[in-house]
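Letters A, B, ... are given to chains in the order of the sequence lines, protein chains preceding strands, and every chain is numbered from 1.
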Amino acid sequence: MARVVGHVDVDYFYAQVEEVENPTIKDRPVVVCVFSGRTEDSGVVGTANYVAREFGVKSGIPIVVAKKRLQGKDPVIVRMDHAKYEAVSDRIMELVRSHVDVIEKTGIDEAFFDLTSSSHGDYKIAAGIATRIKNSILEEEHLTCSVGLGRSKVVAKLASDAAKPGGMVVVPPETTESFLGDLDVIKLYGVGPKTAEALGELGIRTVAELAHTEAATLEGSFGKSLAHYLHEASNGLDADPVKENEAPAQFSRIITLKSDTTDPEEAMSQLAAAEADLRSKLASKNTSFRTLSAIAILTDLSTKTRSKTFEAPINDLSTVRSALVDLFSQLSESVDREFRRVGIRVSDLSTDTSQKSLAEFVERL
DNA sequence: GTATGCTTTCGGC
DNA sequence: TTACGGCCGAAAGCATAC
């Protein structure tokens, strides 16, 4: 049976949620901002609606730049409310789930889903189900989204991209080759800048050129497993299944300093609240970790990290504090610029299995 | 040589 | 002219193991 994978992506998510909450703003430029608190307008744009995008306002640009570009355009500047968007996201994912067998959330506003068995491999039936998913998100949440269908995750994701904004692109197996053909290899999931450059040295720039290259030819440059993947993915045959999400692999907290510094103790003191927040998140999930990282973003916005992996899982406050001071000291010695932002990351997570109470023990059965 | 695991950096949202 | 978040997983680089 032909495989059918879908990808759904809500259009300009944060800004569209704000429009739904207040429909009177939807013909004006809407800009959802992450304010860092360092100065009145320091921070960046989280996302903007298409009206704002007409003026060059998009994710990642500084708020002051966005305001300048929208001077006299009657913009709506909104503070990002992550908890609000998370709640909408949860409801959307449940809606999608109600139409499909397997769903894999890959971001706050996007997910893969599998329609192979429910459509019996028929792309017309699959398109009908996908349309119902789109319609139910519109009816229940008043949000538009873009949907792509294809025979693999790589194809489905590229199809939903091509469907933006608000459309649906169906790429059945027989049109996969022409759909992928002209795309640059960098668009393929799993191909980063280095891999793209190495492919370029072999004269391979488009997905079609990659698709027509035998895996054996790629092995010399990429090793057996990446070579095999590149060959499959470029033919729309990457086998990676849509799978239900597992627990997150890492947690982090990062803050912008009130003023730049290289002092590890100063970094630590400004991080206190973030550290406490991370600790409470870990506690609420009964989670410990083996790897602790200190993150520093320097004045030129480059990122430096140092990490330490423990023999056994830890979560003990004083162990963490002293290790962090160590790591930030290493960082400040290794760079010649000041820190602008600092953060903490924990990874290599494990769930604590010590039994807390009889009730909880019974609960786990 | 290829796989595996750890650390650091990159890049998408 | 410059301007500049917070979080995650993927990618890349390197060392070691087989």
Side-chain angles (χ1 to χ4, degrees), chain A residues 9-16 32-48 57-69 79-83 85-86 89 104-111 153 157 160-161 164 186-198 219-230 240 245-257 260 271 274 277-278 281 290-310 327 330-331 334-335 340-349:
Chain A
D9 188 334
V10 182
D11 302 319
Y12 60 102
F13 183 55
Y14 306 142
Q16 205 189 344
V32 178
C33 298
V34 187
F35 291 95
S36 72
R38 162 177 275 221
T39 64
E40 167 116 357
D41 274 344
S42 66
V44 299
V45 171
T47 199
V57 172
K58 55 184 183 177
S59 310
I61 70 168
I63 294 165
V64 285
V65 174
K67 285 193 170 180
K68 189 146 289 180
R69 293 185 181 168
R79 178 177 295 269
M80 170 113 91
D81 181 349
H82 208 268
Y85 312 134
E86 204 70 65
S89 173
E104 179 178 346
K105 179 174 176 170
T106 55
I108 192 166
D109 72 333
E110 59 179 276
K153 286 165 99 171
K157 169 85 166 138
S160 76
D161 248 16
K164 288 180 182 177
I186 194 91
K187 290 264 190 181
L188 284 180
Y189 180 86
V191 177
K194 295 288 177 182
T195 305
E197 195 186 332
E219 278 184 28
S221 309
F222 303 102
K224 207 173 174 114
S225 88
L226 183 55
H228 179 256
Y229 170 79
L230 290 171
D240 185 30
N245 297 83
E246 292 171 12
Q250 56 174 244
F251 297 123
S252 62
R253 287 293 181 273
I254 188 162
I255 60 151
T256 299
L257 295 167
D260 301 340
L271 265 172
D277 189 51
L278 189 54
K281 176 153 185 165
R290 274 184 63 225
T291 303
L292 177 68
S293 309
I295 304 165
I297 289 95
L298 311 182
T299 49
D300 65 349
L301 302 183
S302 63
T303 304
K304 291 278 176 191
T305 66
R306 286 294 179 273
S307 60
K308 176 180 170 78
T309 298
F310 295 85
L327 292 166
Q330 287 177 35
L331 276 172
S334 76
V335 301
R340 179 189 176 92
R341 298 160 59 201
V342 290
I344 313 170
R345 177 171 59 225
V346 296
S347 53
D348 206 342
L349 306 177

- Query: Is the distance from OP1 or OP2 of C:dC4 to the nearest side-chain N or O of A:Arg38 less than 4.0 Å?
  - Reply: no
- Message: Tell me whether the side-chain N/O atoms of A:Ser36 come closer than 4.0 Å to OP1 or OP2 in C:dG5.
- Response: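 Indeed, a polar side-chain atom of A:Ser36 lies that close.
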[atom1] of [X] versus [atom2] of [N]: gap in Å, rounded?
X: A:Leu226; N: B:dG1; atom1: CG; atom2: P; value: 18 Å
X: A:Tyr85; N: C:dG6; atom1: OH; atom2: C1'; value: 14 Å
X: A:Ile295; N: C:dC7; atom1: CD1; atom2: P; value: 9 Å
X: A:Leu278; N: C:dC7; atom1: CG; atom2: P; value: 9 Å
X: A:Arg290; N: B:dC6; atom1: CZ; atom2: C1'; value: 10 Å
X: A:Phe35; N: C:dG5; atom1: CZ; atom2: C1'; value: 12 Å
X: A:Arg340; N: C:dT2; atom1: CZ; atom2: C1'; value: 12 Å
X: A:His228; N: B:dG1; atom1: NE2; atom2: P; value: 22 Å

Side-chain contact test, heavy atoms from C-beta onward, threshold under 4.5 Å: evaluate it for [X] versus [Y] and give yes or no.
X: A:Tyr14; Y: A:Ile108; value: yes
X: A:Arg69; Y: A:Ile61; value: yes
X: A:Arg38; Y: A:Asp260; value: yes
X: A:Ile254; Y: A:Ile297; value: yes
X: A:Glu110; Y: A:Ser160; value: no
X: A:Phe35; Y: A:Asp41; value: yes

With a non-hydrogen cut-off below 4.0 angstrom, is [X] in contact with a base, only sugar-phosphate, or nothing?
X: A:Phe251; answer: sugar-phosphate
X: A:Gly343; answer: nothing
X: A:Arg253; answer: sugar-phosphate

- Task: Examine the side chains of A:Ser293 and A:Thr305 and answer whether a donor and an acceptor come within less than 3.5 Å of each other.
- Result: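 No, no side-chain donor-acceptor pair sits under 3.5 Å.
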- Message: So for A:Lys68 and C:dT1, does any side-chain atom that can act as donor or acceptor lie under 3.5 Å from a complementary atom in the base?
- Response: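 In this structure, the two groups form no donor-acceptor pair.
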- Task: Give the nucleotide from the list C:dG9, C:dC4, C:dG6 with an atom nearest to the side chain of A:Pro62.
- Result: C:dC4
- Query: Taking A:Tyr85 as the fixed residue, which of A:Val32, A:Thr47, A:Val10, A:Asp109 is the one that meets the side chain to side chain contact (heavy atoms under 4.5 Å, CB included) rule?
  - Reply: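 Testing A:Tyr85 for a side chain to side chain contact (heavy atoms under 4.5 Å, CB included) against A:Val32, A:Thr47, A:Val10, A:Asp109 leaves exactly one candidate, A:Val32.
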- Task: Using the P atoms only, state how far C:dC4 lies from B:dC13, rounded to an integer number of Å.
- Result: 24 Å
- Message: Return a single string for nucleotides 8-13 of chain B, one symbol per nucleotide in 5' to 3' order, where B is base contact, S is sugar-phosphate-only contact and - is none, cutoff 4.0 angstrom on heavy atoms.
- Response: SB-S-S
- Message: Using every non-hydrogen atom in the two residues, find where A:Ile255 and A:Leu271 come nearest and quote the distance to one decimal.
- Response: CG1-CD2, 3.8 Å
- Task: Using the closest heavy atom to pick a nucleotide of DNA chain C for each, name whichever of A:Leu188 or A:Leu301 lands nearer the 5' end.
- Result: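 The 5'-side residue here is A:Leu301.
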- Task: On DNA chain C, check which nucleotide each of A:Thr195 and A:Gln250 is closest to and give me the residue with the more 5' one.
- Result: A:Gln250
Tabulate atom names and distances for all N/O pairs under 3.5 angstrom spanning the protein and nucleotides 13-18 of chain C.
unit_1: C:dG13; atom_1: OP1; unit_2: A:Lys194; atom_2: NZ; d: 3.4

- Task: Using a strict cut-off of less than 4.0 Å between a Lys/Arg side-chain nitrogen and an Asp/Glu carboxylate oxygen, indicate whether A:Lys105 and A:Glu86 qualify as a salt bridge.
- Result: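 Answer for the salt bridge query: yes.
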